[in-house]
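Structure, as structure tokens:
As a basis for the values below, the full set of heavy atoms in this structure was taken, side chains included, without hydrogen atoms, waters or symmetry mates. From a predicted model like this one, the values you see are computed outputs, not experimental measurements. One-based numbering, in listed order, for ligands and for the atoms of each.
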Amino acid sequence: MTIPAELVERLRDARNILVLTGSGVSAESGVPTFREAQSGLWENFDPLQLATPEAFLSDPALIWRWYRWRRELVAAVEPNPGHFAIARLESVVEQLTLVTQNVDGLHQRAGSSDVIEYHGNLFATHCFNRCPEAAPKCPANKADSPPQCGTCGGWMRPGVVWFGEAIPPAALAAADEAAHDCDLFLSVGTSSLVWPAAGLGELAMQSGATMIEVNLDATPLTEQSHFVLRGKSGEILPELVNSITV
Ligand code: OAD
């Protein structure tokens, strides 16, 4: 893929970059996305049956096993060239903020630092009753059903954001600030359908940022983007970083 010269120039001149990623960036590692036909998680599982507090309360063991299945899947794969390219970009630009909607931790495994986990992390747990600093009574990853909270005895739950739940306040504030301050926004592997993450791009463009979308399919962000690179992030991102480093 030829990276447009004007895009390379904008990337080279950028002082403060925000990268927003979605499940598409982990697809080439073998982690299913959410909405892709046939393979997407939400194509095969009903999110309202698996990713809501109500669903958890109605059958904690089922939900726990489903997240354990996802944890084991992620633990068995490796970051791909797209993850590594973002980590490399972080090392060659003045300032980069990485906001991910992914809960797989693959960016951190690829070497990215200070990743803003907008939707939480699969490998984290917290007390369903929100006891501060709660620890599970037994090792979470071995349990067949949700472990109990060491403080209140209630359920421990996966540390991810479920439908109908708020984004962790610190992540929300940090991402908004980064969107406001960035001069270039790189949206990678997301359908740009889930809010409030889907609003970060607009916030950045209102502040004058250049918008670059790297995605396999068109999204609601495509038409507003200054540059669109259509294809696989694992193939495009290394070339994009090479364009300003080689
Ligand atoms: P989606 O499944 O909605 O979108 C994934 C996007 O990645 C699609 O637009 C694909 O075209 C694109 N894609 C797939 N493979 C790709 C590749 N190799 N390279 C580049 N792009 C690729 O997933 P998300 O946008 O991440 O939230 O979904 C957002 C949120 O919805 C998730 O974080 C999750 C889900 O419900 C919660 O659970 C709170």
Does one side chain, of Thr219 or Ser191, offer a donor that lies under 3.5 Å from an acceptor on the other?
no

Can you classify the ring geometry of His83 versus His107 as parallel (below 30°), tilted (30 to 60°) or perpendicular (above 60°)?
perpendicular

With distance as the sole criterion, is a donor-acceptor pair present between the side chains of Ser23 and Gln101 under 3.5 Å?
no

Please list every donor-acceptor pair under 3.5 Å in which a side-chain atom of residues 111-118 meets a protein atom from a residue at least two apart or in another chain.
unit_1: Ser113; atom_1: OG; unit_2: Glu90; atom_2: OE2; d: 2.3
unit_1: Glu117; atom_1: OE2; unit_2: Gln108; atom_2: NE2; d: 2.9
unit_1: Glu117; atom_1: OE2; unit_2: Asn121; atom_2: ND2; d: 2.7

Show the protein residues that qualify under the rule heavy atom under 4.0 Å from an atom of ligand 1, listing them in chain and number order.
Gly22, Ser23, Gly24, Ala27, Glu28, Thr33, Phe34, Arg35, Glu36, Trp42, Gln101, His119, Val161, Phe163, Gly189, Thr190, Ser191, Val194, Asn215, Leu216, Asp217, Gly231, Lys232, Ser233

Can you list the residues that meet the salt bridge (charged side-chain N to carboxylate O under 4.0 Å, His left out) rule with Glu235, with sequence neighbours excluded?
none

Not counting sequence neighbours, which residues clear salt bridge (charged side-chain N to carboxylate O under 4.0 Å, His left out) with Arg10? List them please.
Glu6

